[in-house]
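Along the sequence shown, residues are numbered consecutively beginning with 1.
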Amino acid sequence: MFTLPIKNTIACKPTVLCKQARKHSIVSWCLPAFFTCLLACQQPEAQKQDVTNNGSTADSNWMLLPFVKIDSVNPILQPGHGSFICPVRKQPVKWEEKDVFNPAAIVKDGKVFLLYRAEDSIGKFAGTSRIGLAESADGLHFTRYSQPVLYPAPDEQKKYEWEGGCEDPRVVQDSSGDYIMTYTAFDGQIARLMVASSKNLLQWTKHGPAFAKAFNGKYLNTWSKSGSIVSKYVNGNIIAQKINGKYWMYWGDVNIWAATADDLINWTPVLYARGEKPTIALRHYAKDIPEIKIVMGPRPQKFDSDLVEPGPPALLTDNGIVLLYNSRNIPAIGDSSLPEGTYTASQILLNKNDPTQVLQRMDTWFIQPDKPYEVTGQVNRVCFIEGLVHFNNNWLLYYGTADSKIAVCKLGK
C-alpha cells in the first residue's frame, strides 16, 4: 500500500499503494509440536529459536513452532465459478473467478469454516472484493458456499466499501458465542478497519468503521486495517478476552498499533502517554498519526524491514500474548537474501498485563513463499497468514498465497 517498488502494482496515493498494488498482504508459515503453556485448553509446544529480548526473562517456549505446509492438499482453495446478483451493479457477477486469498478461520459444529477474500475482475480496480464462506469436516478439504456472505451493498457502509470491496477478515467470538469479524473496507482512496457481527456466519450485521466514534471521529478517515483481537483459543473456539477491563486489538500495516474497546464494536486507538514519543522513525502514513502508540514496527536489515501487519487473532496464554504477524522485505534496507517485496511471517510475545509491551520477538521468519503458487500470482512472493484454529487435536494455520489462492500448514513435524 505504499509507493515502494513491487512487481505488478499500481500507485494510487503519494503515501500508500492501492489495492491493486499490494492486495493487502498474504503469508505462509511453518512451526514445532505442542505449546508448553495451555491456552486454557491445549496449546502447542515450542522449539529453540533466536529471539530478541526486551528486558524479559522468559525463554522461547512461548513460540508455536514448527508449522509444516501440507503439500498433499495445497492449495486448498482456488478461484471459483460461482455467480450472484451484485446488489450495487444489479447484475450477475462471477464474484470469485479471479482470486481467492487471506482467510479467517473458525470452528463451528465440529467443522472448520473459512471466511475468505474473493475477487471478481470487474471495474476500475480490476476486481471488487467480497467475503466468501467454505466449510470442511477435516480442515483440509473444503466445500464453498455459492454466494458471498459479506459484500458491498446499497447500505450505510457503501461509501466506505465501494467499489474496492470488503477484504481480509479475521473472526472471533464474544462471551455469548456471537461472531465478531474485523475486515477492511476500501473505497478506492482509503482502507478502513470495519466491524461486523453474526450469530451463524451466514448473515452479518455491519457496524461500520471501528474507529468512527473514537475521539469524536478524529480517526475515521485514517488508513487502518488488519484487526487482530486478543483471544483465548478454548476447545476449538476463539473467545475474545478482556484485559484490565478492556478488549484489546492489534491493527495496522506499516507498524502494529493497539486499540481497546468495551463492546468489541467501537474501538479506540491507544495513544502515547504524556511525555512518551515514538522510538522508531515514522514511515509512510505513520507520519500522519504520530500520537498513536506504536507497539512494534519494521526492523532494518531484517526480513520485516518494510512493514509489519497482524495475522490471526492474538493468543492470550500463560506466558503472555502471542501475536503471529506478517511482514514485507525490501533488500536495500532489509534482508538481502529475500527478493524485493517478499512477505514472510514471524511471532512476537507481549505482556499479558500491558498488551503494548513487547517481551520477546523472533529474529527470523517461520514461513516464507517457496512453492510455485506462493511465488507467482496476483502479487508475487507472498504468504499471508490470517486464520488459526485448534481442530481435532491439531493446530492448523491458513494463509493466502501470492494473493491468488489459499493454503494450510500444520503445527508439528
Side-chain angles (χ1 to χ4, degrees), residues 26-31 34-35 39-44 64 67-80 82 96 100-118 131-150 168-174 177-183 196-204 228-229 231-240 311-315 324 345 367 383-401 405-412:
I26 349 181
V27 179
S28 74
W29 47 312
C30 310
L31 311 166
F34 297 136
F35 239 112
L39 281 174
C41 175
Q42 308 96 332
Q43 205 152 259
L64 286 74
F67 276 92
V68 178
K69 297 173 185 178
I70 307 179
D71 295 334
S72 61
V73 297
N74 283 333
I76 58 171
L77 212 62
Q78 303 192 44
E96 57 176 347
V100 296
F101 53 116
N102 295 7
I106 200 83
V107 175
K108 178 180 180 290
D109 300 330
K111 297 179 180 180
V112 176
F113 286 79
L114 295 185
L115 290 123
Y116 61 94
R117 177 178 173 182
I131 307 300
L133 182 67
E135 68 176 58
S136 172
D138 63 4
L140 304 178
H141 302 88
F142 283 84
T143 300
R144 68 184 88 206
Y145 287 62
S146 62
Q147 307 283 303
V149 295
L150 188 79
D168 300 358
R170 291 150 175 90
V171 177
V172 301
Q173 289 176 271
D174 64 16
D178 289 352
Y179 300 97
I180 304 294
M181 178 197 294
T182 60
Y183 68 100
S197 63
S198 174
K199 293 185 179 296
N200 58 13
L201 300 180
L202 291 169
Q203 288 83 35
W204 290 87
S228 170
I229 297 172
S231 303
K232 283 188 176 180
Y233 287 55
V234 184
N235 297 325
N237 298 314
I238 306 173
I239 311 297
L315 297 81
L324 310 179
I367 189 169
C383 290
F384 197 84
I385 57 173
E386 282 196 23
L388 175 68
V389 294
H390 188 264
F391 179 70
N392 288 347
N393 296 317
N394 291 310
W395 287 88
L396 299 173
L397 177 65
Y398 299 91
Y399 62 97
T401 69
K405 300 177 177 67
I406 293 172
V408 63
C409 52
K410 174 182 175 181
L411 186 67

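Atom CG in N102 sits 4.0 Å away from atom CG in D168 (nearest 0.5 Å). To the nearest 0.5 Å, atoms CG (L133) and OH (Y116) are separated by 7.5 Å. A distance of 7.0 Å separates CG of L140 from OG of S72, quoted to the nearest 0.5 Å. Note: I106 CD1 to I180 CD1 = 10.5 Å, rounded to the nearest 0.5 Å. A distance of 6.5 Å separates CD1 in I238 from CG in L388, rounded to the nearest 0.5 Å. In this structure, CG on D109 lies 8.5 Å from CG on L201, to the nearest 0.5 angstrom.
Contact annotation: the side chain of Y399 approaches that of N74 to within less than 4.5 Å [non-hydrogen atoms, C-beta and beyond]. Contact check for P312 versus Y233: side-chain heavy atoms found under the 4.5 Å cut-off. When side chains are defined from C-beta on, V68 does not count as touching K410, because their heavy atoms never get closer than 4.5 Å. No side-chain heavy atom of F113 sits less than 4.5 Å from a side-chain heavy atom of V171. A heavy-atom distance below 4.5 Å is not found between the side chains of L115 and Y179. Considering only heavy atoms from C-beta on, P79 comes within 4.5 Å of V100 through its side chain.
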Quick one: side chains of residues 142-150, donor-acceptor pairs under 3.5 Å with protein atoms, not counting sequence neighbours, listed by atom name and distance.
residue: R144; atom: NH1; partner: Q78; partner atom: O; Å: 3.0
residue: R144; atom: NH1; partner: E96; partner atom: OE1; Å: 3.0
residue: R144; atom: NH2; partner: Q78; partner atom: O; Å: 2.8
residue: Y145; atom: OH; partner: E135; partner atom: OE1; Å: 2.6
residue: Q147; atom: NE2; partner: S83; partner atom: O; Å: 3.3

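Annotation for K108: atom NZ counts as buried by contact number, over 12 foreign heavy atoms lying within 6.0 Å.
Not one N or O on the side chain of Y183 forms a donor-acceptor pair closer than 3.5 Å with the backbone of R117. At distances below 3.5 Å, at least one donor-acceptor pair connects side-chain atoms of S228 with backbone N or O atoms of A314.
Of all heavy-atom pairs spanning S198 and Q203, the tightest one is OG-O, 2.7 Å. Nearest heavy atom pair, residue A137 against residue N392, reads O-ND2, 4.2 Å. Between G311 and R170 the shortest heavy-atom distance is O-NE, 2.8 Å. Here the closest non-hydrogen pair linking P103 and Y398 is CG-CB, 3.8 Å.
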Take D178 and K199 through the side chain to side chain contact (heavy atoms under 4.5 Å, CB included) test and state the conclusion after the steps. CA-CA 5 Å; D178 289 352; K199 293 185 179 296; 3.0 Å; yes

